[in-house]
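In what follows, chains carry the letters A, B, and so on, assigned in the order in which the sequence lines appear, proteins first and then strands, with residues in each chain numbered from 1.
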Protein chains: 2
Amino acid sequence: MGGGGMDSETHNADNGGDERFKSKNLEAERRRRKKLGDRQLELRALVPNITNMTKSTIITDAITYIEELKLTVEELGNQLLQMEATSVDEEKIKLKEIDDEKEMKKHGIKVEVEAEVNHICGTKLWIRVVFQKKRGALTKLMEAISLLGIDLIDTTITTSRGAVLFTSFGQGIRAGLPEADQMRKYLLEIIRD
Amino acid sequence: MGGGGMDSETHNADNGGDERFKSKNLEAERRRRKKLGDRQLELRALVPNITNMTKSTIITDAITYIEELKLTVEELGNQLLQMEATSVDEEKIKLKEIDDEKEMKKHGIKVEVEAEVNHICGTKLWIRVVFQKKRGALTKLMEAISLLGIDLIDTTITTSRGAVLFTSFGQGIRAGLPEADQMRKYLLEIIRD
DNA sequence: TTAAACACGTGAATC
DNA sequence: TGATTCACGTGTTTA
């Protein structure tokens, strides 16, 4: 930590222990340097990727760090935008489902799920299911019916005011078809989820 | 732009017009200052919110800017994480779709396939599919239609002599409904596989 | 030793 | 004016 450029040759032998000249801004300049040094230290502490301790490199590292952060922000923003764009449809669907639910309630359809299974003759049967419209519900219902071993001969599906009416005439393909009431309860469970 | 702290009192009258002393590192120090100044300028150019042109404030502004960027990155990351968490279902659906496709190929419906998709008005459309009866085929078809973003308003399914006639009146729930012919080909692929 | 980095005190400039 | 900032040349330290 060397002394400054203050002229060291003009040593004052005549002035004794007194100070030589003392610029007015000497102390102020010291404060300024101190402050600046502190700032640089703070900046250095904030930047993670430090290549060197020198003053120039601190600033350089800070620059590269800022650029990295900017890039990261941009990338994240893009990803988020893309995500939002793709999930807009999902949101719409959900909103539509809510609308369906509200509409259904508005029209006083209180019965959430209703199922009826009737044997007709032999393995022939008749199914009627009423439920609130919901994504995947119909597919699950048909899958369940298929798993019960029922072949759908003639089916009508009608959607109205957020409700779905499923009516079908079918036939069991296996010998041991379950009881009607059992099937009904099973289908109810499926639809109720 | 004043001259430096070089001792001005030790003025050399004897050396005439020649340079006075010229420290060895004078030029190097000039280069160093130049470089440092350039870095600071670069940093200043990179930071948008500049409160003051002074050297200290440039660094201060850079610090606050970095902190802002960090915060922004964190926020965006959290949002993205949340979004990804909510869109996991979407991924699951897609994976399930692939699985179902494989399973469908295992079951296989190879003959007698016919599909027709007609736009009616806006997102409303009419679908007709004829195919050979096979276990699970109907379920897959309905799931495919659901995946296309089509709400089935009114549907009739009739089975006769091993063939299935599927007729439906539906409506797209998403904005970007594919072209009729495209959907037709998609349904054909689903059924044929 | 050389070369680079640094802190210092100072004069000038800016507000 | 007075307070503050800056660039400069220098001596010293460090690698």
Side-chain angles (χ1 to χ4, degrees), chain A residues 1-70, chain B residues 1-70:
Chain A
M1 301 153 182
M6 193 163 189
D7 148 31
S8 52
E9 312 308 326
T10 333
H11 198 68
N12 50 346
D14 53 336
N15 212 346
D18 197 13
E19 291 83 14
R20 287 161 39 211
F21 183 64
K22 225 177 184 182
S23 272
K24 300 171 192 170
N25 60 343
L26 204 164
E27 210 170 342
E29 179 66 12
R30 279 177 182 170
R31 278 201 302 270
R32 172 179 169 267
R33 272 201 296 268
K34 176 81 164 55
K35 192 167 67 177
L36 212 153
D38 289 349
R39 303 291 184 201
Q40 288 171 342
L41 211 73
E42 199 176 343
L43 180 62
R44 190 194 61 178
L46 200 60
V47 174
N49 52 334
I50 296 181
T51 59
N52 204 350
M53 286 285 271
T54 174
K55 276 187 167 184
S56 293
T57 50
I58 286 176
I59 298 186
T60 304
D61 294 341
I63 290 176
T64 59
Y65 184 50
I66 287 182
E67 284 173 348
E68 283 180 16
L69 282 179
K70 270 187 171 179
Chain B
M1 303 148 173
M6 188 162 188
D7 153 29
S8 52
E9 312 312 325
T10 334
H11 197 69
N12 51 344
D14 53 335
N15 211 345
D18 197 14
E19 293 82 18
R20 287 159 38 207
F21 182 62
K22 228 179 184 181
S23 274
K24 299 172 190 173
N25 60 343
L26 203 165
E27 209 171 341
E29 179 65 12
R30 279 179 181 169
R31 278 201 301 270
R32 171 179 170 270
R33 273 203 295 267
K34 177 80 162 57
K35 193 167 66 178
L36 212 153
D38 288 349
R39 304 288 186 202
Q40 288 172 342
L41 211 72
E42 200 176 342
L43 179 63
R44 190 194 61 179
L46 199 60
V47 175
N49 50 335
I50 296 178
T51 58
N52 202 351
M53 285 284 271
T54 173
K55 275 186 167 181
S56 293
T57 50
I58 286 175
I59 298 187
T60 303
D61 293 342
I63 290 176
T64 58
Y65 185 50
I66 287 182
E67 284 173 346
E68 283 179 18
L69 282 179
K70 271 187 170 178

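The residues Glu29(A) and Arg32(A) are annotated as salt-bridged, a charged nitrogen and a carboxylate oxygen being separated by less than 4.0 angstrom.
Here the closest non-hydrogen pair linking Ile58(A) and Gln40(A) is CG2-O, 4.2 Å. Residue Lys35(B) comes nearest to Ser56(A) through the heavy atom pair CE-OG, 4.1 Å, listed as atom of the first residue, atom of the second, then distance. Minimum heavy-atom separation, Leu36(B) to Lys55(A): CD1-CB, 4.0 Å. Closest approach of Leu46(B) and Tyr65(B) over heavy atoms only: O-CE2, 4.0 Å.
Note: CZ (Arg31(A)) to P (dG9(C)) measures 13 Å, nearest angstrom. Nucleotide dA5(C) holds its C1' atom 17 Å from the NZ atom of Lys24(B), rounded to whole Å. The distance from atom CZ of Arg39(B) to atom P of dA5(C) is 10 Å, rounded to the nearest whole Å. Per the geometry, CD belonging to Glu27(B) stands 16 Å off P belonging to dT2(C), to the nearest Å. For the pair Leu26(B) CG and dA4(C) P, the computed distance is 14 Å after rounding to whole Å. Atom NZ in Lys35(B) sits roughly 15 Å away from atom P in dA3(C) (whole-Å rounding). Separating the CZ atom of Arg32(B) from the C1' atom of dT14(D) is a distance of 13 Å, rounded to the nearest angstrom.
Between dG9(C), dA7(D), dC6(D), one nucleotide has an atom nearer to the side chain of Arg33(B) than all others, and that is dA7(D). The side chain of Asn25(A) has dC6(D) as its nearest neighbour among dA7(C), dC6(D), dC6(C).
For a distance-only test at 3.5 Å, the side chain of Glu29(B) qualifies as a donor-acceptor partner of the base of dC6(C).
Applying the 4.0 Å criterion to OP1 and OP2 of dC8(C), one finds that Arg30(A) has every side-chain N and O outside that range.
Atoms CG and NZ, from Leu41(A) and Lys34(A) in turn, are 9.0 Å apart once rounded to the nearest 0.5 Å.
Looking at heavy-atom distances under 4.0 Å, Lys34(A) makes no contact with the nucleic acid at all.
With hydrogens and angles ignored, the 3.5 Å screen pairs a side-chain donor or acceptor of Asp61(A) with a backbone N or O of Thr51(A).
Non-hydrogen atoms lying under 4.0 Å from DNA chain D are contributed by nothing in residues 49-59 of chain A.
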